[in-house]
Amino acid sequence: MSYLNVKIDLTKKFIKSNLKDYQGRVNEVHDMIHNKSGAGSDFLGWVTLPTDIQSEMVRIQAAANKILQQSETLVVIGIGGSYLGAQAALDYLVNKEDQKMEVIFAGHQMSSGYLNRLVKYLENRDFSINVISKSGTTTEPAIAFRILKELIYQKYGEEAKNRIFVTTDAKRGALYSASVAEGYERFVIPDDVGGRFSVLSAVGLLPLAAAGYNIKEMVKGAEHAMVKYHQTDIEENEAYKYALVRYLLYKEGFKVETLAFYEYELFYLGEWWKQLYGESEGKGGKGLFPASINLTTDLHSMGQYMQDGPRFLIETVLSVNKVSKDIKIPFFENDNDNLNYLAGAKVSYVNKQAQKGTIEAHYAGGVPIMEIEIPELTEYSFGYLVYFFEKACAMSAYLLEVNPFDQPGVELYKSNMFRLLGKPTK
């Protein structure tokens, strides 16, 4: 039995093609991924990252222990893939009670109010910084690092350099040069791993280890997924099955995929997933638009549209079989809210019935639904799930015949912003 289960029965009536007819094409794309013969092949280092990162694990853990000894708070500075993976894991694991350190984020937006509040807060905290950027010149994290670097040196003097940890390019860039000149401990973002695929490198593992989570288990889960998803059979490879079904639905005219989850701990996993698929597939007028919905909350805001709106939505339900903590509904003598029929039931049971009922309703309303079942929210399952989505994403993009690993569309806003700011041209 598979560790992670992908259910596609509620998509079949919407797809005219037979999945098995695409096995040959899946085999071709698999070879492109593993032989590095497709577009963007210079960025396929994530495929073997679960084994390649093993040599760095001891040093990552040692740095995390140092941060734990000297600080109450770790500030992670980064944007996009430089923070979303770690934030997703922190929320995913929040109920485990293993978190030993506060981890907060900066440089993921440019709100002056947020930065002001952060500076005020850190004035009364012992803190360290982990700044993450391949170039060191990305505007949002570069501004945040300037501001927090000034604060940390004001607070600790020259000892501040022992509280700054840099994750950047191996040999070049502004942040690399600064770390060499000022003696910051440095970790590498591999040249062949793009930001949105980097959570299983030092980018995600250092903050998670500092928080107290078991990064060995996380990498172990990813390594097992790497072995599992090396086979090409669509029936056996859930990542390829998921990729192919969403591709065939796209060909049938569906335009939006909503990742639906019923556990709030999955909120930032949805944010990470949106970047992974949006930035990898949205090119040349192609690609499903990735959206995430927090249920049952969004049923009270978006539920009507999802049930009765235009039928261009695919719904992928991320389902957790076993919650780490539960709570019972109490009995009240005065049953004013008419809930005594649920007295003694666990909230997870009610939530699961809401999930089942919603799936039935949306399917009846004409929404194709896939379900991805996760056994429980642990470090192992997080690593496994991350690798699942990454492998599926590469397959999806290559099926669409787009380069999964570039992002040409983000350059225009940057050039316009720099022009409006009056940035000097070289």
Side-chain angles (χ1 to χ4, degrees), residues 67 71 73-88 90 102-158 160-169 172-189 194-196 198-199 202-204 206-207 210 268 271-272 274-275 279 407 409-426:
I67 294 168
S71 299
T73 299
L74 174 64
V75 183
V76 178
I77 300 175
I79 196 167
S82 296
Y83 98 97
L84 276 172
Q87 178 70 83
L90 288 170
E102 178 185 45
V103 179
I104 53 182
F105 294 87
H108 55 304
Q109 33 79 359
M110 285 190 289
S111 165
S112 58
Y114 180 89
L115 280 169
N116 266 293
R117 292 192 302 274
L118 180 58
V119 168
K120 293 285 187 188
Y121 179 72
L122 293 174
E123 285 173 352
N124 298 310
R125 304 282 293 178
D126 274 326
F127 72 98
S128 295
I129 292 172
N130 177 207
V131 56
I132 305 168
S133 173
K134 256 191 176 176
S135 66
T137 58
T138 304
T139 307
E140 295 90 340
I143 287 173
F145 186 41
R146 273 203 174 205
I147 291 168
L148 295 179
K149 182 178 175 181
E150 179 183 55
L151 174 64
I152 203 168
Y153 272 94
Q154 286 174 350
K155 191 175 178 79
Y156 299 107
E158 282 304 305
K161 69 181 183 181
N162 297 316
R163 293 174 173 268
I164 297 175
F165 300 80
V166 168
T167 309
T168 190
D169 191 272
R172 59 190 175 272
L175 191 53
Y176 167 82
S177 299
S179 66
V180 172
E182 302 188 38
Y184 305 145
E185 184 164 2
R186 187 174 68 256
F187 293 88
V188 171
I189 305 172
R196 56 190 178 273
S198 68
V199 62
V203 169
L206 178 56
Y268 269 101
E271 297 300 295
W272 171 81
K274 285 193 292 189
Q275 186 201 6
E279 210 166 42
Q407 48 277 337
V410 303
E411 297 306 318
L412 182 58
Y413 97 83
K414 289 183 181 179
S415 62
N416 287 344
M417 178 178 69
F418 293 148
R419 172 178 53 81
L420 292 167
L421 289 169
K423 181 179 180 179
T425 55
K426 294 183 179 179

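Summarising the geometry of Val199 relative to Ala86, their closest heavy-atom pair is CG2-N, 4.1 Å, with the distance given to 0.1 Å. Between Ile129 and Lys149, the shortest heavy-atom contact is CD1-N, 4.4 Å. Pairing each heavy atom of Ser128 with each of Ile152, the nearest pair is CA-CD1, 4.5 Å. Closest non-hydrogen pair, Thr137 versus Ala174, comes out as CG2-CB, 3.8 Å. For the pair Leu175 and Gly136, the tightest heavy-atom approach, listed with the atom from each and the gap, is CB-CA, 3.6 Å. The two residues Ala106 and Leu148 come nearest to each other via the heavy atoms CB-CD1, 4.1 Å.
By the 6.0 Å contact criterion, CZ on Arg172 is open, its count of non-hydrogen atoms from other residues, nucleotides or ligands being 12 or less.
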Exercise. Stepwise, does the side-chain contact (heavy atoms from CB on, under 4.5 Å) test hold for Leu90 with Phe105?
Worked result: CA-CA 11 Å; Leu90 288 170; Phe105 294 87; 3.8 Å; yes

Problem set entry | Stepwise side-chain contact (heavy atoms from CB on, under 4.5 Å) check, Ile132 with Val76 | CA-CA 7 Å; Ile132 305 168; Val76 178; 3.7 Å; yes

For this session: Give the intermediate values and the outcome of side-chain contact (heavy atoms from CB on, under 4.5 Å) for residues Lys423 and Met417.
Result: CA-CA 9 Å; Lys423 181 179 180 179; Met417 178 178 69; over 6 Å; no

Exercise. Can you list the steps and then say if Val131 with Thr167 is a side-chain contact (heavy atoms from CB on, under 4.5 Å)?
Worked result: CA-CA 6 Å; Val131 56; Thr167 309; over 6 Å; no

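With 3.5 Å as the limit, one finds a donor-acceptor pair spanning the side chains of Asp126 and Tyr156. Under the 3.5 Å distance criterion, with hydrogens and angles disregarded, no donor-acceptor pair is assigned to the side chains of Thr73 and Ser71.
When atom types are taken as modelled, the side chain of Ser179 and the backbone of Arg186 share no donor-acceptor pair closer than 3.5 angstrom. A donor-acceptor distance shorter than 3.5 angstrom exists from the side chain of Asn130 to the backbone of Phe165, with no hydrogens or angles considered. Thr138 places no side-chain N or O within donor-acceptor distance of the main-chain N or O of Pro141, the cut-off being under 3.5 Å. At least one donor-acceptor pair under 3.5 Å links the side chain of Gln275 to the backbone N or O of Gly81. Between the side chain of Thr168 and the backbone N or O of Ser133, at least one donor-acceptor pair lies under 3.5 Å.
Residue pairs meeting the salt bridge (Lys or Arg N to Asp or Glu O under 4.0 Å) criterion with at least one member in residues 104-123, sequence neighbours excluded, do not occur.
Rounding to the nearest 0.5 Å gives a distance of 12.0 Å between OG of Ser82 and CZ of Arg196.
Taking 4.0 Å as the cut-off between side-chain N and carboxylate O, Glu182 and Lys161 do not count as a salt-bridged pair.
Leu74 is listed as a side-chain neighbour of Pro207, based on a closest heavy-atom distance under 4.5 Å. Side-chain atoms of Leu84 and Tyr268, non-hydrogen and from C-beta on, do get closer than 4.5 Å to each other. A 4.5 Å side-chain heavy-atom check between Glu279 and Lys274 finds every atom pair outside the cut-off.
Ring planes of His108 and Tyr83: tilted class, angle from 30 to 60°. Between Phe145 and Tyr184, the ring-plane angle classifies as perpendicular under the 30° and 60° cut-offs.
Each of Ile104, Val75, Ile67, Leu118 was scored for a side chain to side chain contact (heavy atoms under 4.5 Å, CB included) with Phe127, with one residue passing: Val75.
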